Structures are given as structure tokens and as C-alpha cells.
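None of these values were measured; they are calculated from a predicted model.
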Number of protein chains: 2
Amino acid sequence: MKRVTIYDISEILNISPSTVSRALNDSPSVKTKTKEKIIEVAKQLNYFHNKTASRLKTGKNNTVGIIVPYINHSIFSAIIQVIEEILAPLGYIILICQTYEKTVNEIKHIQSLLTNQVECIFVSVTMETINYDHFKKVTSAGIPLIFFDRKADIENVSSVILNDFKSAYKATEHLIEQGCKRIAHFKGNQNLEIYRNRYDGYLKALKDYKIPVDPDLIISCKSSIEEGKRAFNELYNANISLDAIFSPNDHAILGAYQEIKNYNIKVPEEIALVGFSNEIFTKYIEIPITTVFQNPELMGTKAAKFFLEQTNKETTDITHKNEIIEGTLLVRASSKKR
Amino acid sequence: MKRVTIYDISEILNISPSTVSRALNDSPSVKTKTKEKIIEVAKQLNYFHNKTASRLKTGKNNTVGIIVPYINHSIFSAIIQVIEEILAPLGYIILICQTYEKTVNEIKHIQSLLTNQVECIFVSVTMETINYDHFKKVTSAGIPLIFFDRKADIENVSSVILNDFKSAYKATEHLIEQGCKRIAHFKGNQNLEIYRNRYDGYLKALKDYKIPVDPDLIISCKSSIEEGKRAFNELYNANISLDAIFSPNDHAILGAYQEIKNYNIKVPEEIALVGFSNEIFTKYIEIPITTVFQNPELMGTKAAKFFLEQTNKETTDITHKNEIIEGTLLVRASSKKR
DNA sequence: TTGTACGCGTTATCAA
DNA sequence: TTGATAACGCGTACAA
């Protein structure tokens with residue numbers, strides 16, 4: 001099926017294509033009467049503007065790309081939601097890509113977005129990524145690169161991340177204040193800055209309150225219900241005494257909770273629980289779980305704003321902003337011992 | 001910043017742009033040696049392919065659009081996830097748009113996707129939409145239009161939806177089998193086919209089991225926790241006796257549950273609850289809620305497959321498929337009386 | 001195996 | 001206010 005072009009319209013009306021183009025762009029230098037005629041015919045022919053051609057000509061693309069590990073994970077979908085909400089009304093098109101935590105996919109998507117001439121790339125890096133060359137390609141092409149939630153440590157980029165260290169510190173401190181002394185930690189993938197920071201926040205709080213760090217209480221654990229079950233069972237079967245668990249994600253703490261319930265151990269009296277992310281189930285579970293609210297809406301808003309500020313600036317030199325958002329500890333029944 | 005083009009490469013190497021183009025497209029008719037030289041220089045110049053130009057030239061766009069009410073609602077994000085998973089490896093770019101349940105946004109996005117020359121549009125229509133002219137523009141432009149979860153009743157489209165009627169019937173039947181006789185229904189927005197069908201399924205089950213339909217038990221309710229609370233309180237304050245609630249969404253049943261708990265009414269003994277959608281919290285709540293699993297992964301997969309079948313077909317005539325997926329009733333504690 | 005020449009659909013520039 | 005023309009960057013038929 002042949003698409004209708006401005007030439008088709010111009011031929012029918014016996015006017016030049018340039019006038020048609022002007023009319024359809026609502027240029028003031030076209031007589032209202034001609035404009036009306038043109039729009040009328042365009043409608044009749046079911047014409048629609050070819051943005052591809054217009055992009056090529058003008059160089060203005062009105063497109064941004066977002067790369068996340070999984071778009072259906074609550075924090076990412078919330079952030080994408082907000083970015084779309086802000087940019088779509090301004091005429092931007094949003095391209096989305098998923099990495100599934102694989103660096104190869106990240107590289108492919110960066111490449112693809114560059115060839116698509118996007119005006120900005122928003123990224124939350126994978127757990128795997130240790131080499132940042134693909135990101136450098138973006139900045140050296142002069143395209144704004146904005147990290148959210150998880151960032152790569154490179155020059156000339158903007159970022160909006162959570163104060164993971166402080167949030168984890170507050171979470172651990174809270175457990176200590178509840179009287180807990182044997183606080184286990186489900187240590188996340190240390191490739192990721194966020195998990196390193198959450199781990200460090202945990203360690204620092206223990207140190208500040210002069211609670212010895214027991215390596216037996218620190219167990220590597222991925223972000224899933226199954227992993228949380230496994231991690232708790234390892235501790236349980238090894239007969240390691242503990243009175244609290246701080247998990248850097250909610251899924252693992254949910255898994256642990258289910259096992260704890262199986263063993264008829266009381267929460268929070270015998271074991272207090274704190275998670276991270278404010279997943280919706282933490283609020284509605286039998287014993288609501290204390291967790292850290294990351295404010296993804298604010299993250300998305302800031303990220304979008306950073307882009308708009310950069311792109312609207314007349315000057316060519318790009319300014320970079322790195323913002324750290326404070327997390328909010330939501331204290332719920334799973335940790336309230338006092 | 002001026003972007004690097006194949007002309008820049010061709011000048012440096014003193015070869016024609018066409019050879020550069022061929023080399024970069026890995027054409028077999030370019031000597032390996034020249035190819036290598038070209039790729040080398042391209043790398044040095046940080047060249048990347050301009051898909052906009054190539055699209056204009058070839059007419060092949062490799063882009064699809066997805067329009068949903070909210071991308072962060074679990075069913076939609078799950079479906080988008082799967083569509084991306086299937087199409088991205090094939091080289092497709094995914095454009096996403098949110099309507100926020102507003103027809104005006106739907107119209108704007110359809111228009112925008114058309115001007116973006118997408119090869120296919122996947123849509124889940126808003127609750128508001130009653131006029132389908134904007135969808136007809138898509139089909140008359142010869143672009144595949146594929147509905148998922150919620151469809152518009154028009155010609156020449158494909159769709160993948162749930163058997164909402166049967167799922168609601170099964171849900172209601174299950175309550176009846178548990179001995180419930182006064183089953184309330186949180187009637188959803190009847191603009192939406194899915195809510196009409198769920199309502200009809202409820203009515204049909206009552207009828208088949210010869211249980212009188214009591215209008216007092218049918219109360220309009222939107223999909224939110226607050227609305228569920230309101231709806232339950234209306235029933236409660238009006239002193240209407242009931243022994244079960246079937247809600248066509250999980251959020252409202254959660255709201256109702258919270259109020260029921262406040263009143264110290266026993267679930268499921270005094271009131272049995274059934275929701276719809278298998279939101280994650282239904283599984284982990286204190287009393288797990290019986291609900292209908294919609295299998296969004298399957299919906300997304302089918303939708304993507306429909307597109308691929310159409311687009312890979314050599315013939316120009318488009319075939320349309322309308323698939324109805326069966327829901328699965330997940331029976332949990334909130335309705336198990338026997 | 002490589003080069004020449006043109007066109008995809010639009011818009012910007014200049015002239016009328 | 002409108003028209004003619006060139007150009008955006010690429011791909012391809014055709015020629016060499």
C-alpha cells in the first residue's frame with residue numbers, strides 16, 4: 001500500500017509541495033483559505049505526516065530511549081511511567097529496552113538507540129556490567145546519558161540515585177534501636193553499587209553502635225523469594241542464632257518470612273525483619289514488613305527534568321547533575337518490638 | 001556537534017560512499033580488505049548508522065507501538081515485557097504510550113504512532129473510549145492493529161483477550177459451591193467489555209444455580225483499594241446481608257478485606273472473597289485471596305506472534321485472528337469454606 | 001569488486 | 001503568499 005505524500009496533495013490542488021508542507025505545519029505565511037483547502041484534501045486522502053522524512057531533514061528527532069533490566073519490576077515500571085508522563089506531552093516518543101541483567105543486551109540496546117538517533121538515553125545498568133565503554137560511546141557522541149537507580153561510574157553523565165548507604169544505615173539502626181544484636185544481612189550482588197552501599201550501610205551502623213560484625217550472619221542472596229528461603233534455611237540449619245534480618249530487597253525477606261512462619265518462629269519478637277523497596281506486598285502481608293521507600297516517582301521526575309534542562313539550554317556545553325535521593329524507612333509490624 | 005556520515009568515511013579512504021554503505025551492511029560484494037579498512041575508520045570516527053535515513057530510503061521501519069492505560073499496572077507491564085522480549089531480538093524497536101484511561105490521549109498517541117510510521121500498533125483501550133474512528137484510521141492505513149486484554153469492536157483487527165465471562169462464571173460458581181447464597185458484586189465500568197463480561201458471568205452463574213439476583217448486592221465500584229472500602233461500607237451500613245463478594249479486580253477486594261478485618265468479620269467463614277487478576281499481594285496477604293489468573297505472558301506472546309505472522313506473510317491480504325484465552329481460578333483461603 | 005546517479009518525503013532557502 | 005530547488009544520509013539499480 002502506497003502511502004500518501006504531500007506531493008499527492010499538491011498535485012490534486014495544483015499547488016507546490018512546499019506550500020502544502022507549510023500549510024500542514026500551520027505556517028503563518030500561508031493564506032487561511034489555501035490552508036483550509038490543503039487540510040481538507042489531506043483528511044480526505046487519509047494523509048499522515050511522515051516523521052521519518054521530517055527527522056532526516058530537520059535533524060530534530062524528539063525521541064528518547066530508556067534501558068532497564070526488566071520493565072515489569074515495580075521500581076522500573078514506576079520510573080518509566082513518570083518519564084513518559086512528563087515527556088510525552090512535550091512531543092517526545094519513548095523507546096524502551098530490556099537488558100535482563102545482561103551486559104550484551106545493554107551494549108546492543110545502546111548501539112540501537114544511537115542508530116535511532118535518540119536525543120537522550122536513560123539507563124539503569126545491569127548487575128553484570130563492569131566495563132563501561134558502551135556508555136562512553138554515548139557521551140562522546142554528545143548525547144545526554146542519564147542514570148537512574150543504578151549508575152555507572154563515568155564522566156560526563158547525570159544521575160539520580162537513592163542514598164542506599166544511608167537508607168541501609170537507618171534500617172539497621174532501627175533494628176538496633178529495637179534491641180536487636182544479632183542482625184543477619186542478605187548480601188546482594190556486589191557488582192552493583194546499590195548493593196555495595198546497602199551492605200556498607202549495614203556494616204557502618206553495626207560499627208557505630210559497637211556491635212561486632214559476625215561473618216556467619218552475612219549471607220549472599222539474590223533478589224527472589226526462593227533465594228530468601230534458601231538463605232534463611234542456611235542460617236537456620238547451621239544453628240546460627242539471630243534476632244533480625246536486614247535484606248537489601250523485599251523479595252528475599254518475603255521468602256525468609258515464609259520459612260520463619262513454617263518454623264513457627266515469631267515475628268518480630270524472635271526475629272525482626274526489614275526489607276528494601278516497598279514492594280506492594282510488604283504492606284498487605286499478614287505481618288506488614290518494614291522496608292525502605294525509594295520514591296521512584298521522584299527519581300523519574302528528576303531524571304526527566306535533567307534531560308529537559310540540558311536540552312533546552314541554548315549553550316552547547318552540557319551540564320551534569322548527580323542527585324541523591326533520600327530513602328524513607330517505613331516502619332511496620334515486622335520490626336516493631338517496642 | 002556534526003554527526004559522522006558515510007561520506008566522511010568515503011572521503012578519508014578515497015572510495016565511494018556506496019562502497020562504504022555496502023561494507024557497513026556487510027554486503028558480500030565488498031572485498032574483505034576494503035571492508036576491514038572501512039569498519040576500522042568507522043570505529044575511529046565513532047560513526048554510527050543513521051537509521052532515520054535508512055528508514056526513509058528502504059521504507060522498512062522496524063518499529064512497533066504499544067498503547068496502554070498505565071504501563072506500571074501489573075498486567076500491562078507484564079504484557080509489554082513479553083512483547084519486548086519477543087520483538088527486540090528480531091530488531092524491532094518498541095515505542096510505548098500511556099493513555100491514563102483518557103480517549104484524547106489514545107487519539108493523540110495513535111496519530112503520533114502513525115506519523116512515526118510504526119509497523120504495528122498494540123492497544124489496550126481506555127475505559128472511556130466509545131468512538132473508534134481513530135482505530136479505523138490505523139486499519140485503513142493498512143497497519144496491523146492488535147488489541148490485548150481490552151478490545152474495540154471493529155473490523156480488520158486482531159485481538160487476544162481473556163474469557164472474562166467464563167472466568168467470572170467460574171469464580172461465582174466456586175462461591176456457590178462453597179455454599180454462598182448472598183454474593184455481592186463490585187460492578188466495574190460498563191463501558192469496558194471486560195467488566196461487562198465479568199458482570200454477565202456473575203449473573204449467569206446465579207441464574208444457572210437458581211439464586212435470585214438481588215440489586216442491593218450489586219454495587220458500582222472502581223478498581224482501587226479506596227473504592228473497595230467505600231463499596232463494602234455502603235453494603236455494611238445499609239445492613240445488607242451477604243456471605244460473599246466477587247470483585248472483577250483485586251484492588252477493590254483488598255480494600256473490602258481491610259474493612260472486613262476492621263469489623264472483625266471472619267473470612268471466609270462469614271464472608272468469602274474472590275478477586276480478579278492475580279495481583280501479587282493476593283498471594284502474600286494474611287488470608288490469601290482467591291483470584292483469576294489472566295496469564296498476561298500468554299496474551300503478550302500471542303499478540304506478538306499475530307504481528308509476526310501478518311508481517312512475514314508474503315501475500316498482501318492481512319489475516320486477522322481473535323483469540324480468547326481461558327483464565328485460571330486460583331482458589332485460596334479467602335473462599336475455602338469446605 | 002567498485003563507482004555513478006538518483007530518490008525516499010520532507011523542509012529550508014531563495015527568488016518571484 | 002507561493003514556487004523552485006536543494007539537501008538531510010542512506011541504499012540500490014545500473015554501469016564500469
[Y] and [X] side chains, donor-acceptor separation under 3.5 Å:
{"X": "A/N61", "Y": "A/T63", "value": "yes"}
{"X": "A/S77", "Y": "B/Q81", "value": "no"}
{"X": "A/T19", "Y": "A/S16", "value": "yes"}
{"X": "B/R55", "Y": "A/N116", "value": "yes"}
{"X": "B/H134", "Y": "B/E106", "value": "yes"}

### With A/F306 via ring pair (Phe, Tyr, Trp, His ring centres under 6.0 Å) - residues at least two apart
none

### Residues in ring pair (Phe, Tyr, Trp, His ring centres under 6.0 Å) contact with A/F147, at least two apart in sequence or another chain
A/F135

For DNA chain C, which residues in [range] have a heavy atom at a distance below 4.0 Å?
{"range": "residues 25-37 of chain B", "result": "B/S29, B/V30, B/K31, B/T34"}
{"range": "residues 44-63 of chain B", "result": "B/L56, B/K57"}
{"range": "residues 14-21 of chain A", "result": "A/S18, A/S21"}

### Task
Walking along DNA chain C from 5' to 3', note the first and the last nucleotide with an atom under 4.0 Å from a heavy atom of chain B, and give both.
C/dT1 to C/dG9

Side-chain ion pair, [X] and [Y], N-O less than 4.0 Å:
{"X": "A/K102", "Y": "A/E128", "answer": "yes"}
{"X": "B/K136", "Y": "B/E155", "answer": "no"}
{"X": "B/K302", "Y": "B/E297", "answer": "no"}

#### Entry: Residue pairs passing the ring-ring contact (aromatic ring centres under 6.0 Å, His included) test where at least one lies in residues 59-78 of chain A, sequence neighbours excluded
A/Y70-A/H73, A/Y70-A/Y100

### Message
Please list all pairs meeting ring-ring contact (aromatic ring centres under 6.0 Å, His included) that have one or both residues in residues 24-61 of chain A, counting only residues at least two apart or in different chains.
### Response
none

### Query
Looking at B/I324 and B/L162, what are the two nearest heavy atoms and their distance?
CG2-C, 4.0 Å

### Closest non-hydrogen atom pair between B/L24 and B/A42, with its separation
CD2-CB, 4.2 Å

### Query
What pairs meet the side chain to side chain donor-acceptor pair (under 3.5 Å) rule with one or both residues in residues 117-126 of chain B, with sequence neighbours excluded?
B/K60-B/E119, B/T126-B/T129

#### Entry: Where chain B begins and ends its contact with DNA chain D, read 5' to 3' at 4.0 Å from heavy atoms
D/dG9 to D/dA13

### Message
Roughly what angle, to 10°, lies between the helix axis at the start of the helix from C/dT1-D/dA16 to C/dA16-D/dT1 and the one at its end, five pairs per end?
### Response
40°

### Task
Take the angle between the ring planes of B/F122 and B/F148 and call it parallel below 30°, perpendicular above 60°, tilted in between.
tilted

### Under the salt bridge (charged side-chain N to carboxylate O under 4.0 Å, His left out) test, residues paired with B/K137 that sit two or more places apart
none

